[in-house]
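Written below as structure tokens is the structure these notes are about.
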Amino acid sequence: MLLQILRTYLRPYKREIGYVMGLQLVATIASLSLPSLNADIIDKGVVLGDTAYIMRMGGWMLGVTVLQIACTIAAVYLGARSAMAFGRDVRSGFFRQVASFSSREVGKFGAPSLITRNTNDVQQVQMLVMLGFTLMVSAPITMVGGVIMALREDVGLSWLVAAAVPVLVAATGFIISRMVPGFRRMQRYLDDVNRVMREQITGIRVIRAFVREPHESGRFGAANDDLSDVSIDVGRWMSAMFPTVMFVMNASSVAVLWFGGIRIDEGLMQIGALTAFITYLVQILMAVMMSTFMLVMVPRASVSADRIGEVLGTSSSVVPPEEGITEVNTRGGLEFREVGFTYAGAEHPVLCDVNFSAAAGQTTAIIGSTGAGKSTLLNLIPRLFDVSEGTITVDGVDVRDFDPEALWQRIGLVPQKAYLFSGTIASNLRYGKPDATEEEMWEALEIAQATDFVSAMSDGLDSDVAQGGTNLSGGQRQRIAIARAIIRQPEVYLFDDSFSALDVATDARLRQALRPVTRDATVLIVAQRVFTITEADQIVVLEDGDVVGLGSHDELLTTCPTYQEIVESQLKAEAS
Ligand code: DGT
Ligand code: MG
């Protein structure tokens with residue numbers, strides 16, 4: 001999965017990657033030539049007292065150094081830019097994929113997990129890409145080239161390279177193998193901390209009300225302790241890393257000096273060659289260490305890549321048609337034909353054999369106890385889910401044959417949980433109609449009985465709305481959501497229990513004001529209060545997903561026992 005993501009998302013940056021590799025190649029060769037030049041200066045210049053030679057070679061060294069620095073800077077700059085662009089592309093691809101999901105897929109992953117995947121996990125892969133850019137070329141060339149150059153300086157000491165490299169690999173490999181499981185656990189505990197924290201923030205009022213703070217602090221404390229314990233554990237090994245590497249490097253430098261000294265004594269080697277040999281050895285060991293370090297990141301990044309790929313590879317269960325219908329000339333209202341629906345993973349269907357039709361200009365009410373499947377029924381119309389059986393038609397066309405945009409354009413949904421976006425009242429209303437004028441907005445607010453409180457807010461239409469609309473009351477939120485649907489002037493209005501948070505008088509006024517607006521539209525109202533729906537053209541009575549009654553208020557009163565029960569219970573509640 002890692003490879004696949006890298007291949008797909010790095011393809012547009014092929015050219016940049018080529019440049020990075022080229023620059024790295026030049027920089028690596030330059031840095032490999034420096035110690036050998038230095039050795040020449042010492043052996044042929046300093047020892048013989050040839051100042052001109054020293055100046056000339058010194059100039060060369062300076063030039064090579066400048067070249068190396070310039071190439072490295074350019075390579076790091078280009079590499080970082082490409083790696084960041086790679087991350088941006090993955091995130092945007094991820095976002096587009098998630099945006100195409102239906103509620104079913106979002107429910108499968110869960111919102112918090114989707115967020116971590118698109119931030120933290122992408123970052124892990126991005127980090128690997130960045131490190132890869134730096135090391136891909138320089139590490140192998142330094143290792144191979146370093147060995148060749150060191151041998152050129154002195155073959156007699158080559159066994160030191162052969163000894164130091166395996167020691168370093170073994171030492172760092174051991175330390176890293178201790179850290180990897182820690183990394184993995186760290187990721188999981190990080191998830192836990194995030195989850196507990198999230199739950200607490202969203203549930204803070206409930207926690208206060210039920211005096212659960214000590215319990216919740218304990219829960220957070222446990223997750224937090226787990227995370228810090230494993231971090232400390234990893235940190236301990238990490239802190240052992242640097243001294244170990246330095247020890248191996250310094251010990252091998254000492255060994256080079258020791259054995260090199262003997263060889264110099266015997267006249268087999270020159271001083272310059274010795275210094276160059278040490279530098280090459282350090283360069284080789286550095287390259288080995290960095291490569292090992294990169295190898296650690298591979299399992300981590302591949303776990304992340306799997307998590308990203310899982311989302312990228314999930315296609316929405318609500319598939320838009322290849323060539324969706326955009327134009328329909330007839331206005332045929334809405335029809336449910338033998339509709340059945342089962343939630344993914346659920347044993348029993350939530351809706352069975354639902355049949356009814358609602359013509360344009362008609363109001364259909366849906367009533368039933370909680371959990372009867374009313375919201376589910378409404379959500380099937382804009383294809384938040386797709387029916388498991390049967391068909392739903394709007395204007396005589398199966399909703400699955402519509403172009404999604406065209407379908408949604410026809411529908412104004414006021415969800416049961418009125419969700420508002422952070423921004424202003426106006427920006428929220430513009431979700432319904434992007435080019436709405438101020439007059440249109442006030443008009444919609446007037447119908448939704450929201451004018452009073454919006455004009456009472458300090459900035460009117462430009463008043464701030466917090467994320468989720470939390471700075472408004474439930475009833476205020478509902479009315480803004482209703483205005484958002486009205487402003488769009490759809491053909492089909494879907495009100496999911498949208499009047500429940502309104503007092504009886506406001507409810508009545510709102511419905512009164514809605515009547516002229518919805519004259520030619522199909523209206524579906526889910527309601528709890530019988531009072532809200534007595535005037536509806538037809539009432540659908542749902543019980544456990546079955547339609548047990550269909551007709552007007554008066555008809556149902558005589559024919560449908562379930563409806564009678566609901567009416568009676570509400571009358572009794574009112575009387576008492
Ligand atoms: P309400 O709003 O409390 O008056 O109830 P309804 O009638 O709107 O009920 P609805 O359609 O939300 O739920 C019907 C049944 O479906 C209920 O047993 C819970 C279940 N259900 C609702 N949403 C989901 C879901 O996302 N996944 C699964 N597996 N089941 C769900
Ligand atoms: Mg509901």
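Whatever order the structure lists them in is the order used to number ligands and atoms, beginning at 1.
For atom 2 (O) of ligand 1, the closest non-hydrogen atom on the protein side is Q416 NE2, 2.7 Å. Nearest to atom 13 (O) of ligand 1 among the protein's heavy atoms is T376 OG1, 3.7 Å. Nearest protein neighbour of atom 12 (O) of ligand 1, counting heavy atoms only, is S375 CB, 3.6 Å. Closest protein heavy atom to atom 21 (N) of ligand 1: Y343 CE1, 3.2 Å. The closest protein non-hydrogen atom to atom 7 (O) of ligand 1 is K374 N, 2.8 Å. Closest protein heavy atom to atom 17 (C) of ligand 1: G371 O, 4.0 Å.
Judged by distance alone, the side chain of Q538 and the main-chain N or O of S357 form a donor-acceptor pair under 3.5 Å. Listed for the T470 side chain is no donor-acceptor partner under 3.5 Å among the backbone atoms of A466.
Among the atoms of T370, none of the N, O or S atoms falls under 2.8 Å from the Mg ion (ligand 2). For residue T376, no N/O/S atom approaches the Mg ion (ligand 2) to within less than 2.8 Å.
T370 and Q528 get closest at one heavy-atom pair: CG2-NE2, 4.4 Å. Nearest approach of S375 to D496, heavy atoms of both residues: OG-OD2, 2.8 Å.
Distances between N or O atoms of G373 and those of ligand 1 include at least one value under 3.5 Å. Residue contacts with ligand 1: D497 is placed with no nitrogen or oxygen under 3.5 Å of a nitrogen or oxygen of the ligand (distance criterion only). Close N/O approach between F385 and ligand 1 is not found [any backbone or side-chain N/O within under 3.5 Å].
A centroid separation of less than 6.0 Å is found between the aromatic rings of F385 and F341.
In this structure, Q528 has a heavy atom closer than 4.0 Å to ligand 1.
A salt bridge (charged side-chain N to carboxylate O under 4.0 Å, His left out) with E440 is found for one member of K433, R430, R484, R488 and no other, namely K433.
A salt bridge does not link E105 to K108: none of the charged side-chain nitrogens sits closer than 4.0 Å to a carboxylate oxygen. In summary, D395 and R410 engage in a salt bridge, as defined by a charged side-chain N under 4.0 Å from a carboxylate O.
In V350, the part holding a heavy atom less than 4.0 Å from any atom of ligand 1 is the side chain.
With F531 as the aromatic partner, R511 meets the cation-pi criteria of under 6.0 angstrom to the ring centre and within 45 degrees of the ring axis.
For atom 25 (C) of ligand 1, a protein non-hydrogen atom is found at a distance below 4.0 Å.
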